[in-house]
Structures are given as C-alpha cells and as structure tokens.
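First up is the structure itself, then whatever we jot down about it.
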Amino acid sequence: MATDTDTVTSRSLEAGSGTDGRNLGPGPGGDPATGDPATPAQRTSDEALAGLDALDLPVSSGRPTAGRIWSVTWPKIAALALFLLVWQIVVWSGWKPTYVLPGPGDTLPEFFDQLGTGEFWDAFGRTLTRAGEGYAVAVVLGGVVGLVVARFGLLRAAVGSFITALQTMPSVVWVPLAILLFKLNESAIMFVVVLGAAPSVANGVIYGVDYVPPLLVRVGRSMGARGFSLYRHVVAPAAFPSVLAGLKQGWAFAWRSLMAGELIVIVPGHPSIGADLQNARDLSDTVGVLVSMLTIFAIGVAVDAVFNILDRRMRERRGLLSEGSNAVRAARGPRNGRPKEDLAGPTGPVGPLSGADTSAV
Amino acid sequence: MTALATDTALRIDGVSRVFGAGAGQVHALDGIHLDVRPGEFVCLLGASGCGKSTLLSLVAGLDRPTVGTVDTGGRRVGMMFQDSALLPWLTAGGNVEVPLKLRRVPKATRRARVDELLGMVRLAGQGDRRPHELSGGMRQRVSLARAFAQEADILCMDEPFGALDAMTRDLLHDELERIWRETGVTVLFVTHDVREAVRLGDRIVLLSSRPGRVAEIFDVAMDRPRRIDEHQVSELASVVTARLRQEVARHGH
C-alpha cells in the first residue's frame, strides 16, 4: 500500500503534466516552440501555481433555482394549511358560536370578495401610502441621527441609550400625544409611525458603524482613504448588514405603529385598513375583523419576503451563505466530503437579522 | 521631507514609539535607525513584541513616532496585511480598483489597470470572483495586486504569507520575487520565519523585543533565485536563528 503511494507520487513528480491540467507536480521546463523567455524554473513555478489555483477553486454546487424555490415554498404552504385546519377544528368544537368566531369557510370567500371592491383598494392604498411615507421619513431621520451619533462620542454618551429606550417604547403610547398635537388627521398618524420606526433605523446604523472590523479601516487608511472617502468605500459597505437589519426592524415597527395609529386616529372620509378593522369591531362583524387582519398579515409577509431577498443576496455576495446558514452547516459537519475551511473566512460582520420582533405595540 | 539622498528610499531615524503613559507605558520601539536603498528587499525579523507591525504602521503613515522621524522622501507607501483583508462586498477586481478610485483614476484607465495588475499576480480572468470564492493564496495575490494599485514605491508587507500552507507559501515567494524584480519596488517585509527572510531578503534586520531595537543586520550575499530548501539558505538561517534565540533568551530571566 505504502509502496503504491510512493510510486504514484514520484511518478507524477517526474512526469509532471497531468491529463486535466490540475496536477500538483511541477511540469517539465519551457516549451521551446513557444519561445517563452521565462527560465525553466520560473515556468515550473507558474505551472504549479496554476495547478494549485485550479484545485483551490470551489466546485459550484449546481442546484436548480426552481428546486430551491420549491424547497422554501412548500413548508410555508404546509404551515398555512395546518393553521387553517386548527382554526376550523376550533370552530367545529363549538367553543364560540359561529357569528362570534366564523370559520375559514366563511371568512376566506369574504376576503376574496373584498379584493374585488373599490373600497378595499381605496383603504389598502391609503394605508400603504401612509406606511411608505412614514417609513421613508423614519429612514432618513433615523439614518442621519444614527450617523451623527456614531460619529461623535459626546452625542453617543448623551443620547445613545435614549435611542434604545425609545425603540422599546410601545408606539401606541405616542398616540394620545399625537392627537393632542395634531388633532385627528394624517399628521398625527405620520408622527406615530416616524417615532416608532426611526429609533430602530438609527440603532442599526450606530451598531453597523461600531462593528466595522478595525482591520478593514486600517486597510482603507493604508490605501489613502480619509474622512468621507473612508466612509464611502469602507465604513458604509462594512456596516451594511447591520443597517439592513435596522431597516427591517424599522419596517416592523413602522407597520405596528401605523396600525396602532389607524385604529385610534380615524380621519373622517379617509378609509384605511385600520379604520375598516375598527368599524368592523363596532358593528360586531367578526368576518370583517378577520378579513382586515388577514390583509394586515399578508402585507407583513410580503414586505418580509422583500427584506429576506435583499438579505439573502447580500449574504451570498459576501460569502456568508452557501447552503443553509454557515452556522447550520458547521453544526452538521462536513458533507459531500469536501472540506471548505480554506475557502471560508468572511471578514465582514454578520448582522443580527433575525431578532427583529422584540417588542410589541 | 525631500532631503533624502538619491540612494535612500526610506530613512528611519532614531524612531521610538511609546504607547500609553505612566506605569502602564509600553516601549514598542526604541531608537530605531535604518536606511533602505531604492529597490532593496529588507526583511524585518523578530519574536513577538519586537514592534515589527508598529514599525510598518509608522512607515505606512498610519501612526506617528513618539520620537524621531520616518522619511520616505515623498514616496508612496503601500501596505499588505497577514489576513488578506479584502473587502468582502467587492469582487477581486473591485478590490484592486479601490485605490485607483481613491486617486480618481478615470474609469476606462481603471479597468485596464485592474486587468494588468491581476495578470501580474497570475489571476487574469479571475477578477469577477468574490474573496470567499478564492483560496488563501489567491486572496493574498489579490491583496498584492491591490497594494500595487496604490502605485507604491515602497511596499510594506506584514507577515503576508504567515497563514498559508508551505507549498503555497513557497510558490508565492517565487511570485513575489519575480514581481519585485520586474517593478523595482522597495520592499519592507515583516516575518517571524527565519528561512523565509533568508529566502527573500537582501538584508535581514533582526529586532529585539520589548523594547524593539535593531539587534543585528545580516547581509544576504546569495544569488537569486534562491530556494528555501537550498543548503546555503539553511546555513545562514541557522546562524540567524541562533542569534534570534539569544535575543529571546534574555527575556527568560
């Protein structure tokens, strides 16, 4: 056995060039036909380097995209089906009369009927507009505050902990003040949404800047980046994972704040999903309540999916994701017999993207 | 700053660097004198705590000496780190492009220069790969190309091959030597590997530890290209190692 291995090794060292160009052994010296001026020693070194590179490059796992989409879709469908089943079982159990708790068989058709009405889309459009505008203002405000606080130590000491305290404050608490300040109108709702979302965005920026690896800052400075160019080329992209986490969390808070605002601040003549929900409750219309809730849930799922796509793309680009998360893969141990530890080594920070939902309205 | 003689690329003159103050004071470097000729390959060798990396930071302008002066005569200094420290959100080519962007090189010129530099480190056509898709040795070559994109006259290398396996390191020695010969760049190469220093250096500066001082300077009068397993290299390496051990032993008492 040992003799076999030795023979193979020594042969490849003498013969050099393998059939597939991936040989490790140094090949024979220069080819006189090409007229390459390099010395034989240099050529040998080059060929070995090329061979090593070919061996080192990762083999792409060519998994079809359709398969990947199905593999993340079917568990969601199954979970939805299970949820509907449980709901139906509770209704069948007779725990509440069906006019108080209607089953999916009564609710879902009403939901799809609603999708065909102008009133529904009117309310839907207004709610999404409010959410979009409020969120946009919160992102700009939170981003600027976050950058300034991250930049100046004194400000950090002064207001850093207040930002976190604001973030944990239930946004419904702002509603009474908003009504007193602005009366029952759009500004009051905007106020609640912005104050609900901005602290999360600011915190995402602050932590992102805090966790920029010092080595990357040194690299940037050694390349001559100073001040703004250092922020533009190193700090901002390095902070991006955490900023994205802050944006995602900010959206969750904006959406919660908006619902709190819409339930209480009902502006006459301005239908919205929250107002529909409140009206349905006033009329003891449980089907109406559930339809509004389904709408709110569906929007939440859709926006979350957008953030997940962004997050996934970012992690793919930075090598923080190949098959499942790195942590999961490490826990499972090497699979397919291909050790990858040489190719790992992400230098960027891993954003805490999952812990978005930490406090309730 | 420009008073350097033409046969000096870098003058380190009586440089000390002290960190902290009072009782917790640490003398990282103490009275370092070193003149480096243009195009010279100087290896800085020493055990832990000899201030090798501190010295490089001073030369690269990332830090200032407490006492003394570092004069590069206005020459541009590039830096390469042990960890390739590539920006993970950019491709290999994107990383090489950053120093060009920072110097506001026009876009068309940039693309051509990036291709040229990647070709120089034998990575032509690999520019679209991301750092995590490259092996350690390939990442270090991208890092080398990026250092050259700074159009540096002096290249500071901080244990650049320390984390690589022996075969890759050996091949990268050949590559570095070739590029050094082709470009005529002045190299300041920090290492704790004595053979590596003998393999690559024109001179080896042995630093003592705590505080970092120049303990001895060895001239490596050996023909190039050298091989790391060559008899002469081993011979000089054992002399240097003996001297290094002597320095380290002083701290055992």
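- In terms of heavy atoms, S222(A) sits closest to L62(B) at N-CD2, 3.6 Å.
- Here the CG-CG distance, from D165(B) to L52(A), works out to 6.5 Å after rounding to the nearest 0.5 Å.
- One distance of note links CG of D158(B) with CZ of R218(A); it measures 7.0 Å at 0.5 Å rounding.
- Heavy-atom contacts from other residues, nucleotides or ligands closer than 6.0 Å to CZ of R224(B) number more than 12.
- Both the backbone and the side chain of T168(B) come within contact range of chain A, each with at least one heavy atom under 4.5 Å from a heavy atom of that chain.
- In this structure the side chain of W89(B) never reaches within 4.5 angstrom of the side chain of R317(A), judged on heavy atoms.
- Contact of R122(B) with chain A is made through backbone and side chain together, with heavy-atom distances under 4.5 Å.
- R141(B) touches chain A through its side chain: at least one heavy atom from C-beta onward sits under 4.5 Å away, while N, CA, C and O do not.
- No side-chain heavy atom of V98(B) sits less than 4.5 Å from a side-chain heavy atom of V219(A).
- Taking a 6.0 Å sphere around CZ of R104(B), one finds it holds 12 or fewer heavy atoms contributed by other residues, nucleotides or ligands.
- Between G224(A) and L102(B), the closest heavy-atom pair is C-CD1, 4.4 Å.
- Residue contact with chain A, scored on non-hydrogen atoms closer than 4.5 Å, involves the side chain of Q126(B) exclusively.
- The structure places CG of D53(A) at 9.0 Å from CG of L134(B), a figure rounded to the nearest 0.5 Å.
- When side chains are defined from C-beta on, P237(A) does not count as touching L90(B), because their heavy atoms never get closer than 4.5 Å.
- Interatomic distance, CG of L49(A) versus CG of L172(B), reported as 6.5 Å (0.5 Å rounding).
- At least one side-chain heavy atom of M223(A) sits under 4.5 Å from a side-chain heavy atom of R146(B).
- R221(A) has its side chain out of reach of M79(B): every pair of non-hydrogen atoms, C-beta onward, lies at least 4.5 Å apart.
- When side chains are defined from C-beta on, H132(B) does not count as touching R318(A), because their heavy atoms never get closer than 4.5 Å.
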